[in-house]
J.: 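First the structure, which I've put down as structure tokens, then a few questions once you've had a look.
Both backbone and side-chain heavy atoms feed into the values below; hydrogens, waters and symmetry mates do not. Residue numbers start from 1 in every chain, and the chains themselves are labelled A, B, ... in the order their sequence lines are given, proteins ahead of strands. Computed from a predicted model, the values in this text were never measured in an experiment.
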There are 2 protein chains.
Amino acid sequence: MTSATETTPGSNAQRERRRRILDATIALAEEGGFDAVQMRAVADDADVALGTLYRYFPSKIHLLVTALGRQFERAEEQSRTRQVPGDTPHERVMHILGQTTTALQRQPNLTEALTRAFMFADASVVDEIHFVGMKLTAMITRAIDGTEVNREPTEEDTAIVRVISDVWFTALMGWVTGRTPAEDVTKSVDVAVRLLLRD
Amino acid sequence: MTSATETTPGSNAQRERRRRILDATIALAEEGGFDAVQMRAVADDADVALGTLYRYFPSKIHLLVTALGRQFERAEEQSRTRQVPGDTPHERVMHILGQTTTALQRQPNLTEALTRAFMFADASVVDEIHFVGMKLTAMITRAIDGTEVNREPTEEDTAIVRVISDVWFTALMGWVTGRTPAEDVTKSVDVAVRLLLRD
DNA sequence: TCCAAATCTAGAACGTGTTTCAATAATCAT
DNA sequence: ATGATTATTGAAACACGTTCTAGATTTGGA
């Protein structure tokens with residue numbers, strides 16, 4: 001019995017601990033955002049010692065970015081199951097990003113916590129960051145292509161997806177830091193997509 | 001005698017203190033980046049008490065973002081004095097941003113400190129953030145227009161400038177956090193500018 | 001089953017951003 | 001000049017991320 005949660009390495013007890021830690025992280029983030037995710041609180045809620053928490057995740061940032069990865073993984077899975085509606089690449093990309101944005105905005109504290117961590121991450125978190133980037137790229141690329149057989153994305157596609165991601169991320173950041181209103185996120189992305197994917 | 005440094009309010013001694021604080025901040029940032037800008041060290045180097053430092057700047061983030069504003073103000077002034085070389089908007093924008101990027105990359109620690117602060121800033125720093133944004137917008141807009149009499153920027157212009165800024169900022173962030181190599185910053189921006197300003 | 005190695009626990013301790021407070025100094029209106 | 005108000009100082013204290021230590025506990029191989 002080595003694969004109740006699949007892939008993750010370690011003994012059963014260790015996978016359980018890891019799961020409890022990430023669950024506690026998300027729960028605390030949902031309640032109070034970045035500041036509420038305090039390492040002592042996470043350790044308590046997950047029923048592990050502080051030292052153990054640090055053995056699993058070397059910093060608060062690692063912890064949160066890993067949690068972000070788990071969320072994105074789920075989002076990407078879900079988006080993969082059904083076809084993206086819309087007649088043009090513009091419409092389809094906006095559908096995916098608009099939907100994702102709305103979902104994130106429904107959990108403002110959680111999103112604030114995860115986005116801030118992502119922003120503050122340094123080179124030591126490069127793998128987790130890259131993981132998140134890949135999931136996002138996959139979603140956008142699929143939306144651009146729509147029903148077409150999944151062709152290999154061209155250089156141009158990759159470049160466009162990259163720019164869209166950057167704009168989306170920056171806009172999201174403006175929102176989580178309280179600098180711009182919620183609607184502006186979707187608006188910014190829409191403008192960028194329009195400029196980049198002239199239909 | 002109320003205007004040796006112009007505009008800034010307060011008595012002479014207060015303007016002096018403020019200047020010393022910002023100078024100390026920049027000096028520490030140049031040496032060791034974000035982590036080296038420690039409030040106690042800033043206070044010491046500026047010859048003020050810790051409490052006084054906090055009376056002038058309510059947080060480390062305010063302090064650094066204000067310093068960033070001062071830097072951008074200077075950069076924008078300089079760029080305003082002479083004409084932007086280049087035959088197309090693309091060339092001119094890349095000239096300005098390429099040059100600014102290079103300048104920033106020559107002082108990696110300082111740039112890391114200021115960019116990180118900018119990233120982490122929340123709503124309470126909205127004025128300082130906006131100030132920085134305006135300086136950057138002004139520079140890019142001037143580069144797009146080139147020699148033309150300075151027309152009022154259209155909605156489209158503003159939107160394009162916004163997207164370029166976002167990409168530039170995200171790329172810069174990738175670099176200061178050690179996730180992407182220096183050349184990639186200019187490359188990313190170049191791709192975005194090419195996509196947005198088809199010559 | 002038993003031992004050695006790895007892991008986990010509880011808790012203290014440290015560093016740095018931030019707050020607080022009493023005492024002193026500077027400023028300003030009268 | 002004087003008293004009132006405000007600003008500055010020096011130092012202590014607090015909060016939270018992070019590190020460290022000494023002793024249990026678990027695990028995995030002989």
Side-chain angles (χ1 to χ4, degrees), chain A residues 1-2 8-22 24-25 28-29 31-67 112-114 116-122 124-125, chain B residues 1-2 8-22 24-25 28-29 31-67 112-114 116-122 124-125:
Chain A
M1 201 234 274
T2 317
T8 337
S11 74
N12 243 320
Q14 284 172 325
R15 267 203 314 285
E16 263 306 300
R17 271 192 210 98
R18 190 186 150 91
R19 189 192 53 69
R20 285 204 312 273
I21 290 173
L22 287 174
T25 301
L28 285 166
E31 278 172 39
F34 187 87
D35 289 341
V37 181
Q38 301 186 357
M39 300 305 268
R40 288 173 181 87
V42 173
D44 275 4
D45 291 5
D47 270 309
V48 298
L50 190 53
T52 305
L53 172 53
Y54 273 95
R55 169 181 278 268
Y56 281 70
F57 298 95
S59 77
K60 175 169 172 173
I61 300 294
H62 277 84
L63 176 57
L64 283 167
V65 176
T66 305
E112 187 252 1
L114 300 181
R116 276 205 128 97
F118 188 82
M119 279 183 341
F120 218 65
D122 67 5
S124 71
V125 203
Chain B
M1 198 229 279
T2 319
T8 339
S11 74
N12 243 320
Q14 285 172 325
R15 267 202 312 285
E16 264 305 299
R17 271 191 209 98
R18 191 186 149 90
R19 188 192 52 69
R20 286 205 309 273
I21 290 173
L22 288 173
T25 301
L28 286 165
E31 277 171 41
F34 188 87
D35 290 340
V37 181
Q38 301 187 355
M39 300 305 267
R40 288 171 181 84
V42 172
D44 275 4
D45 291 5
D47 269 311
V48 298
L50 189 54
T52 305
L53 172 53
Y54 272 95
R55 168 181 278 266
Y56 280 71
F57 298 94
S59 76
K60 174 169 173 174
I61 300 294
H62 276 84
L63 178 58
L64 283 166
V65 176
T66 304
E112 186 252 2
L114 300 180
R116 278 202 125 101
F118 188 83
M119 280 182 344
F120 219 65
D122 66 5
S124 71
V125 204

J.: Expected output is a numbered-order residue list: members of residues 54-67 of chain B with a heavy atom under 4.0 Å from any atom of DNA chain C. What is it?
T.: Tyr54(B), Ser59(B), Lys60(B)
J.: Just the atom pairs and distances: protein N or O near nucleotides 9-11 of chain C's N or O, under 3.5 Å.
T.:
{"residue": "dT9(C)", "atom": "OP2", "partner": "Ala49(A)", "partner atom": "N", "Å": "3.0"}
{"residue": "dT9(C)", "atom": "OP2", "partner": "Thr52(A)", "partner atom": "OG1", "Å": "2.7"}

J.: Could you list the donor-acceptor pairs under 3.5 angstrom formed by side chains in residues 31-52 of chain A, with sequence neighbours left out?
T.:
{"residue": "Gln38(A)", "atom": "NE2", "partner": "Asp35(A)", "partner atom": "O", "Å": "3.3"}

J.: If you apply the rule side chain to side chain contact (heavy atoms under 4.5 Å, CB included), what do you find for Asp122(A) with Glu112(B), and how did you get there?
T.: CA-CA 11 Å; Asp122(A) 67 5; Glu112(B) 186 252 2; over 6 Å; no
J.: Kindly state each residue pair satisfying ring pair (Phe, Tyr, Trp, His ring centres under 6.0 Å) with at least one member in residues 42-66 of chain B, sequence neighbours excluded.
T.: none
J.: Please state how far atom CG in Asn12(A) lies from atom P in dC8(C), giving the value in whole angstrom units.
T.: 13 Å
J.: Taking any atom under 4.0 angstrom from a heavy atom of chain B, which nucleotides of DNA chain D are the first and last to qualify, 5' to 3'?
T.: dA7(D) to dA13(D)
J.: Taking C-beta and beyond as the side chain, do Leu28(B) and Thr25(B) meet within less than 4.5 Å on heavy atoms?
T.: no
J.: Listed in order of residue number, which residues of residues 36-44 of chain B have a non-hydrogen atom at under 4.0 Å from DNA chain C?
T.: Val37(B), Gln38(B), Met39(B), Arg40(B)
J.: Do Val65(B) and Leu114(B) touch side chain to side chain, with heavy atoms closer than 4.5 Å?
T.: no
J.: Would you name the heavy atoms of Ala117(A) and Leu64(A) that are closest together and state the gap between them?
T.: CB-CB, 3.3 Å
J.: For Leu53(B) and dG17(C), what is the distance between atoms CG and P respectively, to the nearest whole Å?
T.: 10 Å
J.: Using the C1' atoms of five pairs at each end, what's the angle between the two axes of the helix from dT1(C)-dA30(D) to dT30(C)-dA1(D), to 10 degrees?
T.: 20°
